[in-house]
Number of protein chains: 2
Amino acid sequence: MTTAGPETTQQGSLLLDDQLCFALYAASRAVTARYRPLLDELGLTYPQYLVMLVLWEQDAIPVRDLGIALQLESSTLSPLLKRLESNGLIRRERRLDDERSVAIHLTGSGAELRARAGTVPLAIGDAMGLTPEQHATARQLLRLLTANVSER
Amino acid sequence: MTTAGPETTQQGSLLLDDQLCFALYAASRAVTARYRPLLDELGLTYPQYLVMLVLWEQDAIPVRDLGIALQLESSTLSPLLKRLESNGLIRRERRLDDERSVAIHLTGSGAELRARAGTVPLAIGDAMGLTPEQHATARQLLRLLTANVSER
DNA sequence: TACGAATTAGTTGTGCACAATTCAATAGCT
DNA sequence: AGCTATTGAATTGTGCACAACTAATTCGTA
């Protein structure tokens with residue numbers, strides 16, 4: 001896997017197939033598409049599912065920290081959270097100690113949804129069809145890439 | 001890189017950090033963000049840049065084949081191509097042999113833009129900061145992942 | 001303590017991304 | 001030839017994603 005075959009990547013090429021960035025863009029959309037039917041059953045979109053993952057780990061989190069965890073701007077999160085709220089999964093409460101901040105709380109049905117979501121990661125992991133080693137390698141490389149590219 | 005440390009991936013976990021899918025989603029957006037200032041100089045968005053890459057390889061391509069190459073629906077491409085056309089980079093001509101099909105042609109300025117875009121891939125490759133081996137591995141894993149996940 | 005800078009959410013405007021639908025043109029079948 | 005199914009592109013509606021901006025609150029410091 002480490003040795004480069006005859007089709008070695010041309011890092012300076014303008015050919016679509018040579019671009020790691022395109023592979024990334026296509027993979028991300030393909031994975032999201034694979035999630036879609038599973039998440040439809042839960043009444044969630046993929047970004048909404050990511051928000052719920054964070055909330056299931058840590059309830060009552062400020063919008064700001066959600067943005068840091070997911071690397072999303074408030075201009076993306078605000079309307080998304082509004083939709084989650086109108087679907088009854090979360091509640092928004094302005095903090096008492098700092099009224100600039102809004103804390104996101106799970107509702108009862110938001111917390112209950114976690115059980116129904118439990119099968120999703122394994123189903124997706126199965127569909128990805130990577131060995132545990134490939135899975136770990138991919139995750140590490142993507143994190144390294146993200147860190148490098150986000151610098152400055 | 002292949003051996004899993006104590007922080008081995010939990011494939012069935014609901015923890016955000018365990019999810020390869022989130023690493024993918026975050027990496028894709030981070031890379032796009034890194035492209036943005038470079039592409040701003042060319043007057044392109046990232047998806048528009050991908051379309052131009054295809055056209056620089058093969059001019060006079062039907063919308064259908066663009067969709068296949070980029071894995072995008074006509075409902076995404078149609079308005080995007082309309083913007084490229086109003087920016088003077090492409091031209092759309094209904095084919096004579098099959099009037100259902102619309103062929104996309106580069107204009108003069110569309111073709112000229114290729115020279116100015118030439119520095120982009122190296123700049124991005126540099127920002128990614130991966131070794132050639134890591135780059136090749138990532139590309140291969142992402143393609144495998146996309147192929148697996150797109151099945152059925 | 002007054003006041004300017006920084007922080008936090010939210011709004012606005014543009015551009016993807018995709019499902020569902022529509023419409024025209026073509027191909028296939030009898 | 002005539003009819004039906006298929007194909008190719010576009011339109012519509014919903015939901016991200018982000019830059020630029022606004023408004024409210026808090027902090028720092030003179």
Side-chain angles (χ1 to χ4, degrees), chain A residues 21-22 25-37 39-40 42-52 61-68 70-87 89-90 92-104 150, chain B residues 21-22 25-37 39-40 43-52 61-87 89-90 92-104 150:
Chain A
C21 69
F22 175 67
Y25 167 78
S28 179
R29 285 184 299 112
V31 169
T32 303
R34 188 77 186 210
Y35 268 100
R36 207 181 319 279
L39 296 181
D40 277 353
L42 307 180
L44 294 174
T45 65
Y46 180 67
Q48 288 170 11
Y49 169 71
L50 294 178
V51 166
M52 296 304 287
I61 188 176
V63 173
R64 176 179 179 279
D65 293 356
L66 260 178
I68 291 172
L70 299 172
Q71 294 299 323
L72 288 173
E73 303 297 321
S74 72
S75 49
T76 299
L77 285 176
S78 284
L80 187 158
L81 293 170
K82 198 173 287 185
R83 283 183 283 271
L84 283 179
E85 185 173 42
S86 72
N87 292 345
L89 299 177
I90 65 165
R92 307 198 279 170
E93 279 179 16
R94 206 153 275 277
R95 288 176 89 91
L96 300 175
D97 52 332
D98 183 347
E99 298 214 343
R100 294 171 299 182
S101 182
V102 169
I104 306 298
S150 307
Chain B
C21 70
F22 175 67
Y25 167 77
S28 179
R29 285 185 299 112
V31 169
T32 302
R34 188 76 186 210
Y35 268 100
R36 208 180 318 279
L39 296 182
D40 277 353
L44 293 174
T45 66
Y46 180 66
Q48 289 169 10
Y49 169 71
L50 294 178
V51 167
M52 296 304 287
I61 188 177
V63 173
R64 176 177 179 280
D65 293 357
L66 260 177
I68 291 171
L70 299 172
Q71 293 298 324
L72 289 173
E73 303 297 320
S74 72
S75 49
T76 299
L77 285 175
S78 284
L80 186 158
L81 293 170
K82 199 172 288 186
R83 284 184 282 272
L84 284 180
E85 184 171 45
S86 72
N87 291 345
L89 299 177
I90 64 164
R92 305 198 280 169
E93 280 178 17
R94 207 153 276 276
R95 291 175 88 89
L96 300 175
D97 53 330
D98 184 345
E99 298 215 343
R100 290 172 302 183
S101 181
V102 169
I104 305 299
S150 306

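A, B, ... follow the sequence lines: proteins, then strands. Residue 1 opens every chain. Computation of the quantities below employed the complete heavy-atom set of this structure, encompassing side-chain atoms and omitting hydrogens, waters and symmetry-equivalent molecules.
The side chain of A/Arg64 contributes no N or O atom lying less than 4.0 Å from OP1 or OP2 of C/dT7. Distances shown here put every side-chain N or O of A/Lys82 at or beyond 4.0 Å from the OP1 or OP2 atom of C/dG10.
Distance A/Arg94 CZ to C/dT7 C1': 13 Å, rounded to the nearest Å. Atom C1' of nucleotide C/dA25 and atom CG of B/Asp97 are separated by 12 Å, given to the nearest angstrom. Taking atom CZ of A/Arg95 as the reference point, atom C1' of C/dT7 lies 14 Å away to the nearest angstrom. Spacing between atom CD1 of A/Ile68 and atom C1' of C/dT7 amounts to 12 Å, rounded to whole angstrom units.
Side chain of A/Arg92 to main chain of A/Ala103: no donor-acceptor pair is present (N/O by atom type, distance under 3.5 Å, no hydrogens or angles). In this structure, the side chain of B/Glu99 does not engage the main chain of B/Leu96 through any donor-acceptor pair within 3.5 Å. Within the 3.5 Å criterion, the main-chain N or O of A/Arg83 finds a donor-acceptor partner in the side chain of A/Ser86.
Here A/Leu72 lies in heavy-atom contact (under 4.0 Å) with sugar-phosphate atoms only. In this structure, B/Leu80 reaches the sugar-phosphate backbone alone: every heavy-atom distance under 4.0 Å involves primed, P, OP1 or OP2 atoms, never a base. Note on B/Ser74: a base of the nucleic acid sits closer than 4.0 angstrom, heavy atoms only. Looking at heavy-atom distances under 4.0 Å, A/Pro62 makes contact with sugar-phosphate atoms alone, never a base. As judged by a 4.0 angstrom heavy-atom cut-off over every strand, B/Arg92 is placed among residues touching the sugar-phosphate backbone only.
The side chain to side chain contact (heavy atoms under 4.5 Å, CB included) with B/Leu66 is formed by just one residue from the set B/Leu72, B/Val102, B/Leu80, B/Leu81; it is B/Leu81.
When the nearest nucleotides of DNA chain C are assigned to A/Leu81 and A/Ala30 by heavy-atom distance, the more 5′-ward of the two goes with A/Leu81. A residue-by-residue look at B/Asp98 and B/Thr76 shows that B/Asp98 has its nearest nucleotide of DNA chain D further toward the 5' end.
A donor-acceptor contact under 3.5 angstrom links the side-chain atoms of A/Arg100 to the base of C/dT7. Judged by distance alone, with hydrogens and angles left aside, B/Ser75 brings a side-chain donor or acceptor within reach of the base of C/dA19, the pair sitting under 3.5 Å.
Between B/Leu39 and B/Gln48 the shortest side-chain heavy-atom distance does not fall below 4.5 Å. The side-chain heavy atoms of A/Ile104 and A/Leu84, taken from C-beta on, include no pair separated by under 4.5 Å.
Contact footprint of chain B on DNA chain D: nucleotides with an atom under 4.0 Å from a non-hydrogen protein atom, first to last in 5' to 3' order, D/dT7 to D/dA19.
Ring planes of B/Tyr46 and A/Tyr25: perpendicular class, angle over 60° (limits at 30 and 60°).
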